[in-house]
Amino acid sequence: MLQINYLRENREKAIDGLAKRGLDAQQTIDDILTLDEQRRQAQTDLDSTLAQSNKISKEIGELFKQGRKEEALKLKEKTVSLKVRSKDLQQEMEQKMHALENLLLSLPNVPNPLVKAGKSEADNEEVKQVGAIPSLDDKARPHWEIAEDLNLIKFDLGVKITGAGFPVYQGKGARLQRALINFFLDENQKAGFQEFIPPHFVNEASAYGTGQLPDKEGQMYHIEKDGLYAIPTAEVPITNIFRDEILEGDQLPIKCTAYTPCFRREAGSYGKDVRGLNRLHQFDKVEVVALTKPEDSYEMLDGMVVHVEKILQKLDLPYRILRLCGGDTGFTSAITYDFEVWSAAQKRWLEVSSVSNFETFQTNRMKIRFRNQERKTELLHSLNGSALALPRIVAALLENHQTEDGVAIPQALQAYTGFDKIEK
RNA sequence: GGAGAGAUGGCAGAGUGGUCGAAUGCGGUGGUCUUGAAAACCAUUGACCUUCACGGGUCCGGGGGUUCGAAUCCCUCUCUCUCCGCCA
């Protein structure tokens, strides 16, 4: 949620910025500013009404104490009109506040100046591409064939037990999964991210905090009886650790990492490009989350980008980095870098990580603050990224590193898998 | 699942209708003293809204109610603890 202060002072900037998302926000922002004005007026009126009635109440108390009952009862009558008035003002203020908040919630984050205007993924900028794209012959097989053939992943078995999009990993396939999780966590830890194991279900307040609710309700699995949601990413529980907290300057920056399974309903995204591991309802991901002072967040963002790059390099996977255009940048993000690895058999890029700076968009709603130099509370910046999402990494590993009779395991991973190749 | 107790400031813990944003202790910060530190002493120390400012307002788990007035009374929800049952 954008800060009302920011909009008061940066009306033009916000309108111009949001235009890069293809959004004409002028009317909404002007409505917000009007409501803000009205809300503050109602607040001031309410405050002075309450001040009057507080004063009278004290006087009544005083009179009763002195035994001057008559005068007290007379004074009581005066409060009647004040009471009515304060109730009205209270209602008016709340109504303005809700209207204002609803409009505020409807606005996405204002993109960073680096972000280019654009409608869709076609307009994303390629920042760099690293690693040679392997030229496999036409015999190159897609990962779902390799996985089934080598008994690594059973898609049908998942359908039997649960449903489509819930694969079963087995044998070396399961071991590879565990190896990758440990490898990622170790790399993140070496880079200074503290490891967490959070709950895999969150309550409503947490889902609102990171912005899954109210909009993306249909994307989460919901356990109605207990009011809980299965997490779509570790970002949700991890960021919520700090909800309503005021941190001291010397605790910053905060860097966390966590492995969790992620659950997504992916409603409406059936059909193309969802075969095999490309899109699942349950998948594994290792996430990194950071909280920084406002002036440090872009340095942190750059550091996180470099960090993810290093991991991909260790896995010998060709990758490219995209800076998403306005239209493709997520609702809550000010700037997002997507990482994609080359899928040798599908002959296309697969997104494996998304690193974003949310600035104060998340922390505003969650009230994640720190005490600045003047000892005043100030909102922190929040960032997160995948380091990394497993399924498409596995897909790329199987496809890119396939051999005549199996799959070769990258050097860096061998200490974790305990084997250097997978054969039939 | 059954029975009971409770939720107050960073923590501990008073407060059962009026001047209580809230005693006291600990902790934090600043200072005095000291070569330095400790101890001691002094001062200070919640968040939010509003105002150019003075000031005003809100917040004692959440929501609602009674009252001129609620941390204090009533209703309701959530959570925590103790005992019993069940259980990885």
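Per chain, numbering begins at 1; letters A, B, ... match sequence-line order. Computed from a predicted structure; not experimentally measured.
Taking atom C1' on both nucleotides, G27(B) is separated from U72(B) by 28 Å, rounded to a whole Å. Spacing between U44(B) and A37(B) at atom P, rounded to whole Å, works out to 24 Å. For C41(B) and C20(B), the C1' atoms lie 29 Å apart once the distance is rounded to whole Å. Spacing of C1' atoms, C87(B) relative to A7(B), comes out at 28 Å, to the nearest Å. The C1' atoms of G6(B) and G56(B) are separated by 36 Å, rounded to the nearest whole Å. C60(B) and G65(B) are spaced 15 Å apart, taking the P atom of each and rounding to whole Å. Of the C1' atoms belonging to C59(B) and G21(B), the separation is 9 Å, rounded to the nearest Å. One C1' atom belongs to U78(B), the other to G64(B), and the distance between them is 15 Å to the nearest Å.
Partners of Gln282(A) according to the side-chain hydrogen bond (donor to acceptor under 3.5 Å, both in side chains) rule, which considers only residues two or more places apart in sequence or in another chain, do not exist here.
Atom CD1 of Ile246(A) and atom P of U45(B) are 16 Å apart (whole Å). Atom CG in Leu89(A) sits roughly 19 Å away from atom P in G56(B) (whole-Å rounding). In this structure, CG of Asn54(A) is placed 9 Å from P of G21(B), rounded to the nearest angstrom. Here G57(B) presents its P atom at 17 Å from CZ of Arg39(A), a figure rounded to the nearest Å. Rounded to an integer number of Å, the gap from NZ of Lys376(A) to P of G46(B) is 14 Å. Arg8(A) places its CZ atom 9 Å from the P atom of C49(B), with the value rounded to the nearest Å. G69(B) atom P lies 11 Å from atom CG of Leu50(A), rounded to whole Å. G63(B) atom C1' lies 13 Å from atom CD of Gln90(A), rounded to whole Å.
Residue Ser57(A) is in base contact, counting any heavy-atom pair closer than 4.0 Å across all strands shown. Across all strands shown, Ser53(A) has no heavy atoms under 4.0 Å from either base or sugar-phosphate atoms.
Regarding contacts with the backbone of U51(B), a side-chain N or O of Arg40(A) is found under 4.0 angstrom from either OP1 or OP2. A close approach under 4.0 Å does not occur between any side-chain nitrogen or oxygen of Lys367(A) and OP1 or OP2 of A47(B). When the side-chain nitrogen and oxygen atoms of Arg369(A) are compared with OP1 and OP2 of C48(B), one or more of them lie within a distance under 4.0 Å.
Pairing partner, A43(B): U29(B), with both Watson-Crick or wobble hydrogen-bond distances short of 3.5 Å. Nucleotide G36(B) forms a pair with no other nucleotide shown, judged by Watson-Crick or G-U wobble geometry with both contacts under 3.5 Å. When both distances must be under 3.5 Å, the Watson-Crick or G-U wobble mate of A12(B) is U24(B). Pairing of A53(B), defined by two Watson-Crick or G-U wobble distances under 3.5 Å, is not identified with any nucleotide. Judged by Watson-Crick or G-U wobble contacts below 3.5 Å, the nucleotide C83(B) has G2(B) as its partner. Base pairing of U66(B): no nucleotide in any strand meets the Watson-Crick or G-U wobble criterion (both distances under 3.5 Å).
Remark on RNA chain B: of its neighbouring residues Arg371(A) and Ile56(A), the 5'-side contact belongs to Arg371(A), judged by nearest-heavy-atom nucleotide. Nearest-nucleotide assignment on RNA chain B puts the 5′-proximal partner with Glu378(A), out of Glu378(A) and Asp47(A).
Glu287(A) places no side-chain N or O within 3.5 Å of a backbone atom of Glu235(A) that could act as its donor or acceptor partner.
Note that the NZ atom of Lys20(A) and the CG atom of Asp123(A) stand 13.0 Å from one another [nearest 0.5 Å]. Within the model, atoms CD of Gln362(A) and CG of Asn240(A) stand 9.0 Å from one another, a figure rounded to the nearest 0.5 Å. Atom CD1 in Ile29(A) sits 9.0 Å away from atom CG in Asp24(A) (nearest 0.5 Å).
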Between Asn203(A) and Ser206(A), is the side-chain hydrogen bond (donor to acceptor under 3.5 Å, both in side chains) condition met? List the steps. CA-CA 6 Å; Asn203(A) 57 29; Ser206(A) 296; 3.1 Å; yes

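For Ala51(A), the side-chain atoms get nearest to G57(B) when compared with the rest of A47(B), C49(B), G57(B).
Under a cut-off of 6.0 angstrom, the local environment of CD in Glu295(A) is crowded, with over 12 non-hydrogen atoms contributed by other residues, nucleotides or ligands.
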